[in-house]
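Worksheet: the structure to be examined is printed underneath.
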Amino acid sequence: MPTLVDLLARVSFLAAGPAVAGVFVTAGLLVVSRDWRLNVIALTAQYFFVVLLLTWLIRLEVAAVKGLVGWMICMVFYLTERRASVLEQPSAAAGAAASQRRRRWVMSARASFCLLAGLLVSVAAYTAALRIPLPEVPTDITLACYLLAGLGLLLIGLSEAPMQVGLGLLTFLSGFDLFYVALEPSLAVAGLLGAVSFLIALATAYLRAAQIAAGGEGRTP
Amino acid sequence: MIAGPLLLLILPLMMAGVVYILLRWASLSALLSVGTALALGVAVVTLPLDQPVRPFPFWGRGYQIALGEAVTFFGRELVLEQADRMAMAFLFFTSAGLFFLAWRVTPHSLLFPMGLGMLSLLGGALLIRPFIYAALLIEIAAAFSIFALQAEGQMPTRGGLRYLTFTTLALPGLLVTHWLLERYTLTPDETGLLSMAATLLAISFALLLGVVPFHTWMPAVASDSVPLASTFVLTVSNGVIWFLLLDFLETYPWLSSHPRFESLVFTAGLVMVVVGGLLAPAQRRLGPLMGYAALVDSGAALIALGMNSRLGLTLTLLSLLVRPFGLALMATGLSGLRARNGGDDGLDALRGLGWKAPWSTAALIVGGLSIAGLPVSAGFTWRWALCRALASSSPGVALFLLLAGASVMAGVWRGLSVLLVRPRSPEDRSAVSSGISGGTSEGWLTAAVVAVAILGCVGVGLFPQVLAPLAARLAEIYTFFIP
């Protein structure tokens, strides 16, 4: 049975343009979507693409460990939101669910605004990648760093809901991590950055649980 | 033999676990937290740095503690130096005081275990070399603080999230600065690296210290979090940031001798004072008022640092030492009032509550006096000295400082006038009369704890010679302002 490192080695041919495109799509989805299932899937995929990009800069094994930390974070978010949705179900009106199903395919004003803002940030990130290249990293990774940091910041700025802010912080940190591993390949720093990401995930999950316990809005703004 | 730095980091972490398990026994967990912080504080102050000692000779072999011995932890060096020693003592004693107050006003709070955990991380941030690890430990401590800041049964703390956000945003700057400075040592011709490092450091510390326009986390954290936990963040965590800044200035003297250092720090402080002074009296809730008062205080400390002199540095350090007195008292008062008002600290909702909770009201007012820098309070000791120092060189700034203090006091006065409104209904009048005769709902033990804290605050105000020489001695350790 192939190990995680073997699997990553097999798909490492994607670690260039396709991975950057993947980062753009997944971070964009996090900005636009407020559906927790979609967000968790997008975050999982985002960590996969980040790991692919990391394989350019650091050893495959270290990149795989970073990926594992990221996927554990996704698991924390999944379990928290799953529990939240179970707790919220009795209070949700049956008619509301049907109308939500209908509305799912119609883009709301908020989502349109987020999409537009996300596109603007992406254009700014692309321009920055061309004009202000980051030291020690190739252009593709520079673009991915700027995209992740920019869209992460946008996500933080667009909402005060714990999960959205948490997703934004983690996206921002992923972008920085991608750049910083090239500057400081130390395992201790990599471990501490992983711990930081995991604790941010735990803290936001804790706040989400508090939100549910306090009977706050289930659906994030 | 036990190396001191390891003891200072591992003991609070272990006790955090024990306290968390014992959290249901409010007094036991609180007093264990107080005892741990106090014992470590006393150990840091009394044990010698240069030789191992046997603190418990009657125990079997008698373990030796070498406080000043450097240890390697996961390949990184941990060392307790003279400057860090005072900073660690500040950390432990302030935490002990906050835990002591929390014992009565927020029992069963996660502040106790999380506070001890944060103490370990923040202590590690002061002791670890190189500095990049300090930045990471501070970030982890900020994530820990969320658990302490979140009030039970309340909506998620917006302030805690903002604090975590700003700390996370400051992280890249600090980490990249380290790389830039390392690269500069290899290629000293590239002076652009130094400019870039200085810019990144300035932005990172501005984010961490709540410099305008990155100040929004300060009023937010005081607004909707557990008040004493927010005080922990505003004094202990913030204090570590200050000491780290001073360590940076000491290690890289070109930072303080940078031609723009003085004007940048001075202007940043002045803007904080002006913004805090303008917004504090406009608040309709006591929580944000406390946050803006802290903003004014931090701004004044930055002004003192911007004076670029030994006196300014002494005043900055004195501000760090006395700030906990004012903020802790305000937070205690705020906790008591919120507890009796269903968590609401809006001025409209607090009408007449001062008669039912006189000790909380007294704590709020004395704390407000101190943080505003008015006489007969701890805060006055350094704010008046700062105004006098500025009067000759920058009279306008001194005037702004006085006005900002008066603005904060105006906000506190407004709160007091609402709290002491005479009740109209007969039931409320009976509550007032029982409050006046000593039968308040606060309990004698709470009253005693609050009274001790008030006496401490007023005592430091009346006898500044207690803390001022300490600040002066601490300032002597830093040499970056010596020409």
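So you know, we letter chains A, B, ... as the sequences are listed, proteins then strands, and number each from 1.
A:E160 has a carboxylate O that lies under 4.0 Å from a charged side-chain N of B:R162, or vice versa, which qualifies the two as a salt bridge. Between A:D177 and A:K66 there is a salt bridge, since at least one side-chain N of the basic residue sits less than 4.0 Å from a carboxylate O of the acidic one.
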Give the intermediate values and the outcome of side chain to side chain contact (heavy atoms under 4.5 Å, CB included) for residues B:L207 and B:T167.
CA-CA 7 Å; B:L207 284 160; B:T167 313; over 6 Å; no

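Using a 4.5 Å cut-off between heavy atoms, B:T157 contacts chain A through both its backbone and its side chain. In this structure, chain B has heavy atoms under 4.5 Å from both the backbone and the side chain of A:L199. Contact annotation for A:L153: only side-chain heavy atoms (C-beta onward) come within less than 4.5 Å of a heavy atom of chain B. Of the two parts of A:F198, neither the backbone nor the side chain holds a non-hydrogen atom closer than 4.5 Å to a non-hydrogen atom of chain B. Only the side chain of B:I132 comes within contact range of chain A, with at least one heavy atom under 4.5 Å from a heavy atom of that chain.
Of the listed residues (B:I146, B:L175, B:V176, B:T168), the one with the most heavy-atom contacts under 4.5 Å to chain A is B:L175. Ranked by non-hydrogen atom pairs under 4.5 Å with chain B, the options A:T204, A:V196, A:L173 are led by A:V196.
Other residues, nucleotides and ligands contribute more than 12 heavy atoms inside 6.0 Å of the CD atom of B:E77. Atom OH of B:Y20 is surrounded by 12 or fewer heavy atoms from other residues, nucleotides or ligands within 6.0 Å.
Between the CZ atom in B:R284 and the CG atom in B:D345 there is a gap of 12.0 Å [rounded to 0.5 Å].
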